[in-house]
Amino acid sequence: MAEKEVTLSVIKADVGSFVGHVQAHPDMLAVIRKELGKAKDEGLITDFYVANVGDDIELIMTHYRGDNNEQIHKLAWDAFLAATAVAQELKLYAAGQDLLSDSFAGNMKGLGPGVAEMTFAERPSEPIVIFMADKTDPGAWNLPLYKMFADPFNTIGLIIDPKMHDGFKFEVHDLVKHCKVTFTLPEELYDMLVLIGSPGRYCIKHVYARRNQEIAAVTSTQRLNLMAGRYIGKDDPVCIVRCQSGLPAVGEVLEAFAQPHLVAGWMRGSHWGPLLPVPEQESRPTRFDGPARVVALGFQLCHGRLIGPQDFFADVAFDRVREQVLELADQLRRLGPFEPHRLAQDQLEYTTLPLVAKKLEGRFEAL
Ligand code: 13P
Ligand code: 13P
Ligand code: MG
Ligand code: MG
């Protein structure tokens with residue numbers, strides 16, 4: 001008999017950190033592990049891993065209740081509330097930062113935490129990579145996902161694996177107009193790049209294998225500041241990628257981070273900077289509150305159990321990209337408050353700029 005479809009839910013939030021925006025406190029992680037441990041004992045979830053990337057806490061959970069399940073989202077919400085209470089007690093910085101509401105309303109939509117979920121029939125072997133970033137936003141995944149699933153210079157499987165040769169479908173969300181469009185690649189590659197080359201507005205939400213319509217990747221696309229209408233914190237995103245057997249190999253998925261690329265979100269969410277791949281223990285954004293970090297944890301799923309993690313970016317093979325990232329970081333920092341280090345004006349709409357603009361309102365004279 002076919003196994004019931006498993007759901008992998010990654011739900012994340014920043015609910016306070018020390019010192020400043022650098023790291024979630026171990027006591028916060030401890031209360032979250034306790035809450036999830038209880039839920040596992042009660043059979044609500046099958047397994048879990050609590051990750052910490054910078055000041056964000058990621059709840060990686062497996063269960064058999066499908067996407068958007070009220071009980072699962074409530075469990076995550078309650079766990080974040082418990083961690084917020086610890087943060088308040090210790091007077092940690094920005095306690096409860098990402099929780100936009102006082103109450104839970106059915107699911108996480110519009111409440112602040114980021115969500116990436118996928119439901120699928122576990123294959124005979126199910127390798128998964130979970131990417132988690134701090135000090136950036138959901139657009140950070142556009143370039144790497146394009147490389148993994150559409151660029152044969154990154155993913156040779158697109159050329160030589162008959163199971164990948166048909167290509168992939170990309171669902172792209174317009175985060176400003178709240179609508180979506182699906183592109184079939186490789187045919188519609190150029191059309192898609194017109195949109196996803198503007199990662200502040202268009203984000204890849206799902207990737208599907210064209211061959212069998214199987215889900216291959218999903219991202220969190222919450223934009224806190226767009227929801228709140230003011231600057232709160234960045235929408236530090238997560239992304240789940242399934243690998244192998246007709247999907248990109250683990251090494252092809254990781255290869256997408258072997259060259260530096262620039263992402264928005266450094267210092268006060270208002271600067272571009274290079275994305276630094278690091279092991280979980282080194283995801284401590286310090287310099288100018290950054291540079292933005294990305295962590296990649298690998299798991300083998302086994303009847304819903306999470307076998308892992310494998311902390312991929314701990315490998316010395318990523319030392320060179322780290323050096324290049326730091327070099328780029330030096331170059332951008334030399335620009336200080338000037339674009340293109342600082343975000344362009346329209347992208348600063350929900351950060352610190354509107355207050356200054358308001359102050360100057362009456363001072364402008366016609367030329
Ligand atoms: P699979 O087709 O089994 O995923 O193997 C490809 C591979 O691992 C090459 O690196
Ligand atoms: P976080 O979104 O990670 O809380 O960062 C906030 C910030 O502005 C750091 O400079
Ligand atoms: Mg923070
Ligand atoms: Mg953060």
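Whatever order the structure lists ligands and atoms in, that order sets their numbers, starting from 1.
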_As a quick check of understanding, evaluate side chain to side chain contact (heavy atoms under 4.5 Å, CB included) for Lys147 and Glu255, giving each step before the final call._
CA-CA 9 Å; Lys147 283 188 169 179; Glu255 181 66 9; over 6 Å; no
*Would you confirm whether Gln259, through its side chain, and Ala256, through its main-chain N or O, come within 3.5 Å as a donor-acceptor pair?*
no
*Measure up the Phe313 and Phe318 rings against each other and bin them: parallel (under 30°), tilted (30 to 60°), perpendicular (over 60°).*
perpendicular
*Are the aromatic ring centres of Phe257 and Phe131 under 6.0 angstrom apart?*
yes
*For ligand 2, which atoms have a heavy atom of Gln97 less than 4.0 angstrom away?*
1 (P), 2 (O), 4 (O)
*Name the option, out of Lys135, Arg293, Arg268, that contains the heavy atom nearest to atom 3 (O) of ligand 2.*
Lys135
*Might you work through the salt bridge (charged side-chain N to carboxylate O under 4.0 Å, His left out) test for Asp236 and Lys135, ending with a clear yes or no?*
CA-CA 6 Å; Asp236 304 321; Lys135 306 296 180 266; 5.0 Å; no
*Is the shortest distance from a Lys or Arg side-chain nitrogen in Glu323 or Arg320 to a carboxylate oxygen in the other one below 4.0 Å?*
no
*Would you mind listing which atoms of ligand 2 come within a distance below 4.0 Å of any non-hydrogen atom of Asp55?*
1 (P), 3 (O), 4 (O)
*Counting from 1, what ligand 2 atoms have a heavy atom of Asp289 closer than 4.0 Å?*
9 (C), 10 (O)
*Okay, side chain of Trp141, backbone of Ile204: is any donor-acceptor separation there less than 3.5 Å?*
no
_Vertex the Mg ion (ligand 4), arms to Asp236 OD2 and Asp56 OD2, rounded to 10°_ = 80°
_Between Asp319 and Arg322, is the salt bridge (charged side-chain N to carboxylate O under 4.0 Å, His left out) condition met? List the steps._
CA-CA 5 Å; Asp319 283 354; Arg322 283 189 272 269; 2.8 Å; yes
*Looking at Asp55, which of its N, O or S atoms is the nearest one to the Mg ion (ligand 3)?*
OD2
_Heavy-atom gap Gly54 to ligand 2 smaller than 4.0 Å_ = no
*Number the atoms of ligand 2 from 1 as they appear, then name those within less than 4.0 Å of a heavy atom of Gly269, with their elements.*
8 (O)
_At a threshold of 2.8 Å, where the distance has to be below it, does the Mg ion (ligand 4) have an N, O or S atom of Asp14 nearby?_
no
*Kindly confirm or rule out an N or O of Asp56 lying under 3.5 angstrom from an N or O of ligand 2.*
no
*Could you pull out the atom name of the N/O/S atom in His21 that is nearest the Mg ion (ligand 3)?*
ND1
_Closest approach to the Mg ion (ligand 4) by Asp134, given as the N, O or S atom name_ = OD1
*Of the side chain and backbone of Met267, name the one, both, or neither that has a heavy atom under 4.0 Å from an atom of ligand 2.*
both
*Would you say the side chain of Glu214 lies within less than 4.5 Å of the side chain of Leu247, judging by non-hydrogen atoms?*
no
